[in-house]
Undergrad: 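Before anything else, here's the structure in question.
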Amino acid sequence: MQKQRDVFLSALCWQGVETGVYPGAVAALAWNRKRTWKKVVTSCGYTQKGGKGVAVSADTFFDLASLTKPLCTSLGFVFLEGHTGLDPATPLADISCCRHYPSQWRNIRLADLLSHSSGLPAYREYYKAFAPMQSKGNKEKLFDLIKQEQLDYAPGVQCIYSDLGYMLLGRILEEMSGRSLDTFFKHAIAGPCGLAADIGFRPIRSVEETNTASAEQIAATEECPWRQRLLVGEVHDEHAWLMGGIGGHAGLFGRAGAVAELCMLLVDIWHGRAVHPNLAANLVRKALSYKTEAGLWALGFDRPTPGRSSSGDYFSPSSVGHLGYAGTSFWMDLEREIVVVLLTNRVHPSRENKKIQQFRPYFHNRIMQELEMN
């Protein structure tokens, strides 16, 4: 059965290459039967378009993009709640590092930021006001720009996915933990479950160092018009790049198998079968099950939107997941104990390739149909 599903998954992934959805991909599928996980990981294509670069393998790293939000930042606040008693209902007015923020932000709760219901705008192209250079002042300048924003709606009224909210959460997490996000994630989240070598940030110290260090194992992303070069091992998100490659909204790189392992652990924690030494099980379940009248979001994790979800039509309502702009995603069906991870570099060589929007639901539907039939 495992071999059959490996062959099936490989053929499905190659469809994406053959139809121009992405140059390369790695997919991981895991399912739990009788408290035993089975997992297959398959790869296809090349790290660059047209067969350039090297063949993608299970060891290839991808820019995880916004998967950083749930896997680092959301789980980071689960850590803080367990170790410091920080309540997600805490308003920004009660957080010391936020007391100088605009008065209209005072009633925004951490839970509002985590569930994309804070009222902050979805996105701004701040990076266009910066030269594409690393500078110690970039981070402060970015947050000065964010602090000038007016809320688009009252906190808790609706859910509008916001990069700005997670940039702010990343700063809060750093200040409250006393560590940079890359160090925090390595030692608090990934390290204790043996994944530190397979998921992590890639701090940008110099372009030369970044582009040469293990570049053959990293899928290329965009031929960036702002940075005027092909990105290999540099975070695709411009704002995370300006902050040295480390942001609460983007910056993680990882291997598909490792992302699947972390998701499998979360499913096991949900069912009371496993523990993470730094993440209290009841708080993990609280984050994954959180509901707000404003929308479908849990605390950092999305839920399937009926009729138009990237997860397709067959994941149960108890499922949670997330997408990444560079072409990445994971979905966990907590009820049926299924994990699907798809890592691609669909933005290579250009972000104008949007074929993945139609491919993702097809991909997940085919997998769920295969699991149902076999």
Side-chain angles (χ1 to χ4, degrees), residues 3-31 39-67 216-223 230-232 236 253-260 263 302 304 308-315 319 321-333 338-374:
K3 177 63 175 176
Q4 177 181 333
R5 287 181 175 163
D6 191 9
V7 172
F8 163 81
L9 189 61
S10 177
L12 185 59
C13 287
W14 273 106
Q15 287 185 42
V17 174
E18 292 160 359
T19 56
V21 177
Y22 43 71
V26 182
L29 167 62
W31 63 99
K39 183 178 75 169
V40 294
V41 179
T42 192
S43 61
C44 63
Y46 288 81
T47 56
Q48 296 183 35
K49 187 177 180 181
K52 297 180 181 178
V54 299
V56 170
S57 74
D59 291 328
T60 301
F61 281 86
F62 285 81
D63 183 336
L64 298 184
S66 285
L67 303 195
E216 72 281 354
Q217 293 185 358
I218 304 173
T221 54
E222 192 171 27
E223 188 72 54
L230 175 65
L231 304 181
V232 181
H236 178 258
F253 283 73
R255 292 169 169 154
V259 175
C263 290
D302 198 4
R308 54 188 180 90
S309 175
S310 68
S311 66
D313 304 310
Y314 300 108
F315 275 76
S319 302
H322 211 285
L323 306 183
Y325 187 81
T328 56
S329 64
F330 70 82
W331 282 98
M332 304 180 285
D333 193 319
I338 297 168
V339 169
V340 181
V341 176
L342 177 63
L343 303 186
T344 83
N345 56 341
R346 72 95 192 167
V347 294
H348 176 70
S350 168
R351 69 184 70 188
E352 297 307 312
N353 179 8
K354 298 182 177 7
K355 292 181 179 180
I356 200 165
Q357 293 175 1
Q358 288 73 44
F359 184 77
R360 275 186 179 126
Y362 166 78
F363 175 84
H364 290 97
N365 278 347
R366 291 286 292 112
I367 286 176
M368 297 301 272
Q369 290 164 353
E370 168 69 16
L371 291 174
E372 185 68 24
M373 290 186 299
N374 299 291

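The shown structure was predicted, so the numbers you read here are calculated from the model rather than taken from an experiment.
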Undergrad: Give a yes or no on this: more than 12 heavy atoms of other residues, nucleotides or ligands lie within 6.0 Å of atom NZ of Lys354.
TA: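 Counting other residues, nucleotides and ligands, NZ of Lys354 exceeds 12 neighbours.
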
Undergrad: Walk me through it: do Leu230 and His348 pass the test side-chain contact (heavy atoms from CB on, under 4.5 Å)?
TA: CA-CA 9 Å; Leu230 175 65; His348 176 70; 3.5 Å; yes

Undergrad: With side chains defined as the heavy atoms from C-beta onward, is the minimum distance between Ser309 and Trp331 less than 4.5 Å?
TA: yes

Undergrad: As a quick check of understanding, evaluate side-chain contact (heavy atoms from CB on, under 4.5 Å) for Glu370 and Leu29, giving each step before the final call.
TA: CA-CA 11 Å; Glu370 168 69 16; Leu29 167 62; over 6 Å; no

Undergrad: Mind checking the CD-CZ spacing from Gln15 to Arg366? Nearest 0.5 Å is all I need.
TA: 7.0 Å

Undergrad: Do Met368 and Phe315 have side chains that get closer than 4.5 Å, going by heavy atoms?
TA: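 In contact.
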
Undergrad: Is there a side-chain contact between Val40 and Phe8 (heavy atoms, below 4.5 Å)?
TA: no

Undergrad: Between Val41 and Arg255, is there a side-chain heavy-atom distance shorter than 4.5 Å?
TA: no

Undergrad: Please report the closest heavy-atom contact between Gln48 and Ala220, naming both atoms and the distance.
TA: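 Answer, listing the atom of Gln48 first, then Ala220: CG-CB, 3.7 Å.
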
Undergrad: Find the distance between CG (Asn345) and OG1 (Thr47) and round it off to the nearest 0.5 Å.
TA: 7.5 Å

Undergrad: Can you confirm whether Thr19 sits close enough to Lys355 that some side-chain heavy atom of one is under 4.5 Å from a side-chain heavy atom of the other?
TA: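 No, every pair of side-chain atoms sits at 4.5 Å or beyond.
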
Undergrad: To the nearest 0.5 angstrom, please state how far the CZ atom of Phe330 sits from the CG atom of Leu342.
TA: 13.0 Å

Undergrad: Can you tell if the side chain of Leu12 reaches within under 4.5 Å of the side chain of Phe363, non-hydrogen atoms only?
TA: yes

Undergrad: Looking only at heavy atoms, what is the nearest atom pair of Thr42 and Ser10, with distance?
TA: OG1-CB, 3.3 Å

Undergrad: For residues Trp14 and Gly45, report the shortest heavy-atom separation together with the two atoms involved.
TA: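 Shortest heavy-atom contact: CH2-N, 3.3 Å.
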
Undergrad: Between Tyr314 and Glu372, is a side chain to side chain donor-acceptor pair (under 3.5 Å) present by the stated rule, with each step listed?
TA: CA-CA 10 Å; Tyr314 300 108; Glu372 185 68 24; over 6 Å; no

Undergrad: Going through the distances and angles, do Phe359 and Arg346 end up as a side-chain contact (heavy atoms from CB on, under 4.5 Å)?
TA: CA-CA 11 Å; Phe359 184 77; Arg346 72 95 192 167; over 6 Å; no

Undergrad: Strictly distance-based, threshold 3.5 Å: is any side-chain N or O of Ser43 a donor or acceptor partner for the main-chain N or O of Val56?
TA: yes

Undergrad: Can a donor-acceptor pair be found, under 3.5 Å and without considering hydrogens, that links the side chain of Ser66 to the backbone of Tyr325?
TA: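 No: the side chain of Ser66 does not pair with the backbone of Tyr325.
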
Undergrad: In Å, rounded to the nearest 0.5 Å, how long is the span from OG1 of Thr328 to NE2 of His322?
TA: 9.5 Å

Undergrad: Looking only at atom types and distance, does a side-chain atom of Thr344 sit under 3.5 Å from a main-chain N or O of Gly327, one as donor and one as acceptor?
TA: yes

Undergrad: For Ile367 and Leu9, what are the C-alpha separation, side-chain angles and deciding distance, and is it a side-chain contact (heavy atoms from CB on, under 4.5 Å)?
TA: CA-CA 8 Å; Ile367 286 176; Leu9 189 61; 3.8 Å; yes

Undergrad: Would you check if Cys13 and Tyr22 make a side-chain contact, meaning some heavy-atom pair closer than 4.5 Å?
TA: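 When only atoms from C-beta onward are counted, Tyr22 and Cys13 do touch, with a gap below 4.5 Å.
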
Undergrad: Looking only at non-hydrogen atoms, find the nearest pair between Pro349 and Lys49 and report the distance.
TA: CD-CD, 3.6 Å

Undergrad: How many angstroms lie between OG in Ser311 and CG in Leu323, if you round to the nearest 0.5 Å?
TA: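 Rounded to the nearest 0.5 Å, the OG-CG separation comes out at 9.0 Å.
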
Undergrad: Nearest 0.5 Å, what's the CG-CZ distance between Asp313 and Arg308?
TA: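 If we round to the nearest 0.5 Å, Asp313:CG and Arg308:CZ are 13.0 Å apart.
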
Undergrad: Look only at the side chain of Thr60 and the backbone of Ser57, and say whether a donor-acceptor pair between them is shorter than 3.5 Å.
TA: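 Yes; at least one donor-acceptor contact below 3.5 Å.
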
Undergrad: Flag the pair Leu67 / Leu343 as yes when at least one side-chain heavy-atom distance between them is below 4.5 Å, and no otherwise.
TA: yes

